[in-house]
Amino acid sequence: MKSTVLTFVALAASANLCAAMEIIPIETDATALVYTVGDDGRLYQSYFGERLDNAAEYANLPKGKEAYLTHGMEDYFEPALHINRTATPNSSTLLLYKNHEVIDRDGYKETVITLSDPEYADVVKLHLAAFGPENVFKSWTEITNNEKQPIELEKYASSMLHLTAPGYILTQYSGEWANEANQLSQELHYGKKVVDTKLGARADMHVSPFFQLSLGDQATETEGDVLVGTLGWTGNFRYVFEVDNLGDLRVISGINPYFSSYPLAKGETFVTPEFIFTLSDKGTGAASRNLHDWARRHQVKDGEGNRMTLLNNWEATYFDFDEDKLIKLIGEAKELGVDMFLLDDGWFANKYPRHSDTQGLGDWDETADKLPNGIGRLTEEAKKQGVKFGLWIEPEMVNPKSELYENHKDWVITLPNREEYYFRNQLVLDMSNPKVQDYVFGVVDNLMTKYPDIAYFKWDCNSPITNIYSSYEGKNQEKLYVDYVRGLYKVLDRIKAKYPDLPMMLCSGGGGRTDYEGLKYFTEMWPSDNTDPIERLFIQYGYSQVFPAKVQCAHVTTWNKKAPIKFRTNVAMMGKLGFDLNLHDLSADDLAFCKQSIKEYNRLKPVILDGDQYRLVSPYEGNHTSTMFVDKEARNAVVFAFDVHPRYNEKLNNVKLQGLNPKADYTVREINRADCSADNNPKTYSGQYLMTVGLPLFTNGDLSSRIYELNRK
Ligand code: DGJ
């Protein structure tokens, strides 16, 4: 679609001063972010809150605080921008408004506010995209060196937001491998709270790259003012929350500047990643739905397309498989009724065959002993069985015990003069090096060229960057963290351009890569290696704050076999369903139940994956939890209810449903019953009843679960 551009220029009395107060409202259907050009020519953030009907009234707002604070001027708190100059010790920056333009893009409006330094001529462009119906903003910054000499960016935030509220409660999601996205809230008072990571090749592991910020009281699912933000960057990120002397809060979001001062030659421009955010005055549930809608419509690869169910062999075999075993599993995928068989780690390398995670990574030819007829025999078998074939790769990484390492040590991120430290026995390839980028692209391209029937990739990344040193970057080691991620995106751009319809899962030793820039290239992500259904209730709940069910891969495995197959499957049905087990380990009844679940899931996919998600009862509330999905017309809904470990004779309360039409009548019937029987006694209630009185969804049963389907009459 062609873009329309409207340009506004400062009515400048002099080159530096703006004669009139310019007001720049950036609005979604519900929220306004308003900037004002002060009579000193600087840009101020005057407002961030509910959109006013009459935009002329924004003129009544106080000027506010300087929008994008710079180092070296009169503000005493954390700056968004800090430029060092090589030719002069003066590292201050003053930014004055030049002009702004509003560009009508496909589905959103982008405002670009241009600021520049009157002394040094550096130009800063603040980009603000507003997605009207979704009520989502994106903010990023472009910094151009217009000086006669090189400069160095010491701090270069994507976004700075100023908030004024009676109090601030920050909710973050943190944890560890197999224990991701635990919810934790804390009040912010004077001073700084920093949430960041320094993992290099991924954003997540210890803390997820998103937050919720309640303004005033702690927001609930349905009530309260809350800002939800996330950075689209598959690397080191940093959020700084700073309450100042006046009790106002500044939120600075961007790449973590830790060991990342970035040199800019004369004329060069640095573009920061995008910070994505939404403001809700109806609690966290509405904020999540804003982000889910935006993600499916505007961000995730094939966000509005279908998703495949699958059988993965990782937990069924680990590294212990051969052609016969895999052919059997492909047959099992067919028998189960899933769309695809996914071959995981362990299929490659010959000099150092990949029999464990200690060797072979980097040598992407099939192990002859295991697969004498190559991947081709497997895609052929999959075709015969009528299922798709997917393949695991981890192309950015290398085991020291591999031919790749022996032949191309200069491609590896490693310190030349120290003993190597390994995370999962491996090292990270230097994605800043264009030769490595070609090699990584080649891993996918060669496989696709040789085996065009590969229908899916699971792209793994099991190690953060260790031993940080790049022989390619030479003297500019501080560029490496940023250039690594940019190199990765260059490769992913090439793959997306050549294979636009190829679905891929973004995986990183569990949930290491859970960010929205990554999801531009991937159709889904792997939230955690922990597939214990009880843990998954918490982990999926955590990620659902920002990501739709459609991108959360959820597999039924043998983790926590104490939980019945029904409980395990029902949890996985709240995401993108897959299985990772041996069918012959299942009883006949359990197998029949799994087959039924896949059929039900396929039928309900449009509601679960593309509908509105309502977290009715949080797993943090105690022994029960419930989530529902409603389609966009409020016609069909699916309600999931789980009892984890209820107390003896515990009092059970009704659960009020959400998102229905109060005036319509709905039939409610239990589906996916353990004995595969049909509920022949559906009941009818009005939407009003269901949302006001609610339903007795919970029981006193240990590890018990139910799914209800609602259909409008
Ligand atoms: C880590 C992933 O999270 C797992 O699902 C599996 O693919 C292993 N890597 C394979 O090494």
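Heavy atoms only: backbone and side chains are in, while hydrogens, waters and symmetry mates are out. Since this is a predicted model, take the numbers as computed values, not measurements. Whatever order the structure lists ligands and atoms in, that order sets their numbers, starting from 1.
At a heavy-atom cutoff of 4.0 Å, ligand 1 is contacted by the side chain of Asn462 but not by its backbone. Contacts with ligand 1 closer than 4.0 Å are made by side-chain heavy atoms of Arg424 only, the backbone lying farther away.
A cation-pi contact, defined as under 6.0 Å to the ring centre and within 45° of the axis, is absent between Arg202 and Trp177. Judged by the 6.0 Å and 45° rule, Arg494 forms a cation-pi pair with Phe441. Geometrically, Lys435 does not engage Trp411 in a cation-pi contact, judged by NZ or CZ lying under 6.0 Å from the ring centre and within 45° of the ring axis.
Numbered from 1 in the order shown, with element, the atoms of ligand 1 that lie under 4.0 Å from a heavy atom of Cys507 read 2 (C), 3 (O). Within the listing of ligand 1, atoms 3 (O), 5 (O) sit less than 4.0 angstrom from a heavy atom of Trp526. Near Trp392, meaning under 4.0 Å from any of its heavy atoms, are these atoms of ligand 1: 7 (O), 10 (C), 11 (O). Listed by atom number, the atoms of ligand 1 under 4.0 Å from Asp529 heavy atoms are 1 (C), 2 (C), 3 (O), 4 (C), 5 (O).
In this structure, Lys198 pairs ionically with Asp196, as a charged nitrogen and a carboxylate oxygen lie closer than 4.0 Å.
Between the side chains of Gln426 and Asn462, no donor-acceptor pair of N or O atoms lies under 3.5 Å.
For ligand 1, the polar-atom distance check finds no N/O of Trp314 at less than 3.5 Å from any of the ligand's N/O atoms. The shortest N or O to N or O distance between Gly510 and ligand 1 is below 3.5 Å.
Regarding atom 5 (O) of ligand 1, its nearest protein heavy-atom neighbour is Lys458 NZ, 2.8 Å. Remark: minimum distance from atom 9 (N) of ligand 1 to any protein heavy atom is reached at Asp460 OD2, 2.7 Å. For atom 11 (O) of ligand 1, the nearest non-hydrogen atom of the protein is Asp345 OD2, 2.7 Å.
For the pair Glu394 and ligand 1, no heavy-atom separation below 4.0 Å is found.
The backbone N or O of Glu315 lies less than 3.5 Å from a partner atom in the side chain of Asp580, making a donor-acceptor pair. Side chain of Lys301 to main chain of Leu502: a donor-acceptor pair is present (N/O by atom type, distance under 3.5 Å, no hydrogens or angles).
Counting only non-hydrogen atoms, the option in Asn312, Asn313, Asp344 that gets closest to atom 10 (C) of ligand 1 is Asp344.
Two rings, from Tyr456 and Phe389, have their centers 6.0 Å or more apart.
Across every non-hydrogen atom of Leu415 and Ile468, the tightest pair is CD2-O, 3.6 Å.
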